[in-house]
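Everything on this sheet refers to the single structure shown next.
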Amino acid sequence: MKILGIETSCDETAAAIVENGNIIHSNCIYSQISKHKPFGGVVPEIASRNHVIKLPEIINSALDKSKMTYSNIDAIAVTYGPGLASSLVVGYSAAKALSLRLDIPLIGVNHHIGHLYSVFMKEELNDINRYFPMLSLMVSGGDTSIVLIKNFGDFHVVGRTIDDAAGEALDKAAAILNLGYPGGPIIQKISEKGNVNAIKFPRGLSNKNRGRWLYDYDKDLCFSFSGLKTSLLTHVKKTQTDNNNYEIKDIAASFQQAIIDSLTNRMENSLNKFNVKSFSCAGGVSLNKPLRDSLNELSKKRNIPLLLSPPALCTDNAAMIAGVAYEMLNNRYLNTPNDVSPSLRLQSWF
Ligand code: KG4
């Protein structure tokens with residue numbers, strides 16, 4: 001079964017053709033980073049207008065690269081949430097129009113499930129059941145959570161950030177340090193020559209007894225990055241007024257390490273709590289090399305296999321959306337939403 005996937009949830013305009021869940025015939029992405037860079041973050045109206053301009057061309061490229069025409073496509077998969085409403089509607093409207101015109105099914109896919117699925121795309125799909133139950137660390141610009149996956153389609157969020165997402169924290173830190181956008185890759189590059197122990201930044205929620213805990217999740221599986229961001233701001237202001245020469249590379253490396261330590265520590269806590277056969281990490285921040293190294297060490301220490309997405313599938317893409325749609329059809333879970341759902345939550349299929 002060949003599925004055309006469409007993804008426009010934020011600032012990537014993407015289309016892909018995937019056969020039977022993991023044979024990627026094409027995976028075309030137009031990144032709008034240069035359009036948003038001058039503003040230090042994604043501007044929704046600029047994002048949606050660029051989706052309108054670029055999406056037809058990107059869909060045509062996906063067909064051309066896979067040497068297919070619309071007549072070869074069996075279904076259309078589209079991200080319908082979560083994401084920016086004005087961006088989601090562009091991809092959704094195009095997908096709905098194509099499905100009506102071609103008279104083939106339209107499948108609405110949750111963007112987060114796309115990230116969770118991306119780690120399986122280089123695997124033999126008949127064989128993925130051996131990885132379940134699995135814990136997955138979702139780290140993107142908009143979300144940071146730990147998900148227990150009992151079977152693919154049976155998702156339970158067991159921990160999450162109570163404020164910023166990890167990618168958001170990296171993007172904001174880069175803005176504070178005047179390094180540009182998006183922050184994650186820039187901070188990773190600058191940190192290569194920095195000292196991770198130069199500044200003792202806080203690890204969010206590490207003090208078990210501090211404050212009242214009002215959330216439904218286990219505190220040991222949750223994240224907080226807003227205190228870390230404030231600590232960075234205070235540090236930068238203080239060193240500027242003290243006229244100290246501070247080394248950006250050391251600040252960046254120490255900041256990045258604080259995030260990696262929090263993510264790895266929470267992943268380890270969740271491995272202590274749940275008896276799983278594997279764990280994974282997905283989303284844009286999972287591209288981060290020191291984070292991948294740290295999770296690989298955890299995998300060795302605990303003797304539990306770790307699954308990571310290939311780099312091309314870590315950030316937003318449409319191949320993962322088409323892949324999920326195939327799994328949904330396989331599980332007889334037909335989801336044809338009438339509209340986009342910007343605040344869509346992770347829901348199980350069964
Ligand atoms: O998954 P994604 O493409 O978009 C969302 O769905 O949010 O993730 C984007 C996030 C951004 O915050 C970006 O700074 C971060 O991923 N990112 C990285 C790296 N590459 C992208 N963070 C750390 N290290 C990287 N190499």
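The basis for the numbers below is simple: all heavy atoms, side chains too, and nothing from hydrogens, waters or symmetry mates. We count ligands from 1, going down the list as the structure has it; atoms in each ligand are counted the same way.
- Looking at atom 26 (N) of ligand 1, its nearest protein heavy atom turns out to be Gln188 OE1, 2.9 Å.
- Ser61 is not listed as a side-chain neighbour of Tyr30, based on a closest heavy-atom distance of 4.5 Å or more.
- Remark: Glu57 engages Lys54 in a salt bridge, criterion side-chain N to carboxylate O under 4.0 Å.
- Residues Ser226 and Asp164 have side chains that never bring a donor and an acceptor to within less than 3.5 angstrom of each other.
- Note: Tyr215 and Trp213 have tilted aromatic rings, judged against thresholds of 30 and 60 degrees for the angle between ring planes.
- Residues Glu7 and His111 meet the side-chain proximity criterion, which asks for heavy atoms closer than 4.5 Å.
- In this structure, the protein non-hydrogen atom closest to atom 24 (N) of ligand 1 is Asn288 ND2, 3.0 Å.
- Annotation: atom 2 (P) of ligand 1 to nearest protein heavy atom, Asp316 OD1, 3.5 Å.
- For the pair Leu263 and Phe225, the minimum side-chain heavy-atom distance is below 4.5 Å.
- Counting only N and O atoms by type, the side chains of Asn272 and Glu268 include no donor and acceptor under 3.5 Å apart.
- When only modelled atom types and interatomic distance are considered, Thr79 and Ser9 share no side-chain donor-acceptor pair under 3.5 Å.
- Considering backbone and side-chain N/O of Pro182, none are found under 3.5 Å from N/O of ligand 1.
- Below 3.5 Å of separation, one finds no N or O of Glu12 facing any N or O of ligand 1.
- Of the protein's heavy atoms, Asp171 OD1, 3.8 Å lies nearest to atom 13 (C) of ligand 1.
- Atom 1 (O) of ligand 1 has as its closest protein heavy atom Gly284 N, 2.9 Å.
- Heavy-atom contacts of His115 reach the following atoms of ligand 1: 1 (O), 6 (O) (cutoff under 4.0 Å).
- The aromatic rings of Phe132 and Phe152 lie tilted to each other, with the angle between the two planes from 30° to 60°.
- Each of the following atoms of ligand 1 lies closer than 4.0 Å to a heavy atom of Gly142: 7 (O).
- Taking atom 20 (N) of ligand 1 as the reference point, the nearest protein heavy-atom neighbour is Pro185 CD, 3.5 Å.
- Taking distance alone, with nitrogen or oxygen atoms compared against 3.5 Å, Leu170 stays at or beyond that limit from ligand 1.
- Annotation for ligand 1: atoms under 4.0 Å from non-hydrogen atoms of Gly167 are 12 (O).
- Set against the non-hydrogen atoms of Gly141, the atoms of ligand 1 under 4.0 Å away are 5 (C), 7 (O), 8 (O), 9 (C), 10 (C), 12 (O).
- Two residues are said to be in side-chain contact when any heavy atoms from C-beta on lie closer than 4.5 Å; Val42 and Tyr181 meet this criterion.
- Contact annotation: for Lys289 versus ligand 1, there are no heavy atoms closer than 4.0 Å.
- Of the N or O atoms in Thr315, none lie within a sub-3.5 Å distance of an N or O in ligand 1.
- Taking atom 22 (N) of ligand 1 as the reference point, the nearest protein heavy-atom neighbour is Gly184 CA, 3.3 Å.
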